[in-house]
Protein chains: 2
Amino acid sequence: MTAEEKIKEAARTVFHKKGFAATRTRDIAEEAGINLALLNYYFRSKKKLFDIIMFESFQSFFYTMKEVFNDDNISLEVKIETFVARYIDFIVEQPDLPIFLMNELRNNAEELFRRMDLRNFFQASSFFKQYQERIKAGHPLPSLLHFLANVMGLTVFPFITKPMLQYVGDLDEPDFREFVLERKKLIPTWIKKMYL
Amino acid sequence: MTAEEKIKEAARTVFHKKGFAATRTRDIAEEAGINLALLNYYFRSKKKLFDIIMFESFQSFFYTMKEVFNDDNISLEVKIETFVARYIDFIVEQPDLPIFLMNELRNNAEELFRRMDLRNFFQASSFFKQYQERIKAGHPLPSLLHFLANVMGLTVFPFITKPMLQYVGDLDEPDFREFVLERKKLIPTWIKKMYL
DNA sequence: AAATGTTTTAATCAATTGTTTAAATGTCTT
DNA sequence: AAGACATTTAAACAATTGATTAAAACATTT
């Protein structure tokens, strides 16, 4: 692995764990096992390195959603099932990602959303069309935004409140893992029942 | 208002908005309109001031929950309705609070939870007893932890993803406010349907 | 092998940041 | 009003931080 790759990987790890403001360039250099000056040599500044990590992290966070929501061959129900299951698996592997993103998106969010063409993606997605058709057919669904907030909330929120849930439920790491994995099956059934 | 009060209020504002690491003591002094040295005069250090704000913020975040969950005179259904409505109103007034707490609770969370006796509170609450009785009576409820994660997720998550929801839904501030206030009525109906 | 360009290093810089100091101002007691 | 105490201020300090520099090490080309 080249020094440049080592730095990027270390930056991702440390930024995800501590956020931009709490991260020192020296933390990244140490995590990467490289000389501090190489960070500026390859990436110019802490901010420029962060912007790269931020963009890629946000992109990876929405990659699953994009893939599933744009698959024309599966129904709305299967989309939800697939989305929830893949999302939970994804976050289990990158547990720091949700809080990192929610926290850093407090600033500069809009520019990033524009760069990723977020609004257009949703409105042009197979998911969106299926949802609109379902409403036309007379199903009493809530607005798409409520629906999105609900599916994502049920899926992502437990990871964001992990410390609290672990303490209240007295769960160790394997317990917590089991807890969120259970939700792969539970959330789709809940969603279906919600909108009977 | 005394200087000490001004500092605390300013500290709450700035810490909530930017988090501990991104906040400069000079930011707080400026926001409070006081001389920088007064911060250390009254609170010794940035960290000690932060710890006070953190404790009070977390306490205020759980005050509503404590009050509602321990009211013996109302049913489980009314508890949920009351909790959701009061929580949404509360966060509308303090929109920076959820992300601030979730973010800062990544570190030192357990000590704070212990100080607030969080686990005991839930297990001794009227809500907990009612929930257990409902299960004994044969209702197919999920574990209490799933239930908590669901209610809180549906309630709090939209505030955490506010920038994204605003962008995707093209909502201005009044639109977003309307969006979350709608959920005061919607969430309790969804919760009921989920557990038919 | 000499020359050229790239990567890495140790040392240093300038700016920022949390905190302290010592003097000045204000307030209350006697 | 004088003295005692608390509050406020401007200035400074020491440590940290992001970034730069100039030289060294390494690799590639001629």
Side-chain angles (χ1 to χ4, degrees), chain A residues 1-58 96 99-101 103-108 111-112, chain B residues 1-58 96 99-101 103-108 111-112:
Chain A
M1 195 163 42
T2 71
E4 191 173 352
E5 289 167 336
K6 278 192 235 167
I7 294 170
K8 237 177 103 171
E9 209 163 281
R12 182 158 33 240
T13 303
V14 181
F15 279 141
H16 282 191
K17 195 157 132 198
K18 318 213 286 180
F20 177 78
T23 294
R24 318 282 156 230
T25 52
R26 283 163 177 82
D27 298 336
I28 298 174
E30 194 185 355
E31 172 81 22
I34 52 94
N35 186 285
L36 173 62
L38 286 183
L39 193 152
N40 295 83
Y41 179 74
Y42 283 112
F43 297 96
R44 308 294 299 268
S45 75
K46 179 192 174 189
K47 183 57 167 44
K48 285 200 166 62
L49 174 55
F50 175 80
D51 286 341
I52 293 170
I53 299 299
M54 185 66 187
F55 182 75
E56 292 186 1
S57 299
F58 191 69
D96 292 329
I99 297 183
F100 167 77
L101 285 176
N103 189 44
E104 301 295 341
L105 283 176
R106 287 193 282 192
N107 323 312
N108 326 332
E111 194 216 325
L112 194 61
Chain B
M1 194 164 44
T2 71
E4 191 173 352
E5 289 167 335
K6 278 192 232 167
I7 294 168
K8 236 176 101 170
E9 209 162 281
R12 182 160 30 241
T13 303
V14 182
F15 279 141
H16 282 191
K17 193 156 132 197
K18 316 213 286 181
F20 177 77
T23 295
R24 319 280 155 234
T25 51
R26 283 163 177 82
D27 299 337
I28 298 173
E30 194 186 353
E31 172 81 23
I34 53 95
N35 186 286
L36 174 62
L38 286 183
L39 193 152
N40 295 81
Y41 178 75
Y42 284 111
F43 297 96
R44 306 296 298 269
S45 73
K46 178 191 175 189
K47 183 57 167 43
K48 284 199 166 63
L49 174 55
F50 175 79
D51 287 341
I52 293 169
I53 300 299
M54 185 67 187
F55 182 75
E56 292 187 1
S57 298
F58 191 69
D96 292 330
I99 297 184
F100 167 77
L101 285 177
N103 190 43
E104 301 295 342
L105 283 176
R106 286 193 283 191
N107 323 312
N108 327 330
E111 195 216 324
L112 194 61

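Residue numbers begin at 1 in each chain, while the letters A, B, ... track the order of the sequences.
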Review point. Any side-chain N or O of B:T25 less than 4.0 Å from the OP1 or OP2 oxygen of C:dT17?
Key: no

Review point. Roughly, in whole Å, what's the span from CZ in B:R26 to C1' in D:dA12?
Key: 11 Å

Check your understanding: Closest nucleotide of DNA chain D for A:A21 versus for B:E4: which of these residues is on the 5' side?
Key -> B:E4

Review point. Would you say the side chain of A:L105 lies within less than 4.5 Å of the side chain of A:F58, judging by non-hydrogen atoms?
Key: yes

Practice item. Using a cut-off of strictly less than 4.0 Å between a heavy atom of the residue and any atom of DNA chain D, enumerate the qualifying residues of residues 28-42 of chain A by number. Key: A:L36, A:A37, A:N40

Revision key, fill the gap. Looking only at heavy atoms, the pair that brings B:A21 and B:R24 closest together is O-NH1, 3.2 Å

Practice item. Mind calculating the distance between CG (B:L49) and C1' (C:dT19) to the nearest angstrom? Key: 14 Å

Exercise for review: Report yes or no: is there a donor-acceptor pair, N or O only, under 3.5 Å between the side chain of B:R24 and the base of C:dG18?
Suggested key: no

Point to revise | NZ/NE/NH1/NH2 to OD/OE distance under 4.0 Å, A:E56 and A:K8 | key: yes

Check your understanding: Is it the case that A:K46 places NZ or CZ above or below the six-membered ring of A:F20, under 6.0 angstrom from the centre and within 45 degrees of the axis?
Key -> yes

Practice item. Would you kindly give the NZ-to-P distance between B:K47 and D:dT16, to the nearest whole Å? Key: 17 Å

Review point. So, B:E5 side chain and B:T2 main chain: donor-acceptor pair closer than 3.5 Å or not?
Key: yes

Study note, to complete from the structure: Per nearest nucleotide of DNA chain D, the residue lying toward the 5' end, A:R44 or B:T2, is B:T2

Review point. Could you state the CD1-P distance from B:I7 to C:dT19, rounded to the nearest angstrom?
Key: 13 Å

**Study point:** salt bridge (charged side-chain N to carboxylate O under 4.0 Å, His left out) partners for B:E9, two or more places apart
**Key:** none

Revision key, fill the gap. note: B:K6, atom NZ; D:dT8, atom P; distance rounded to Å ~ 8 Å

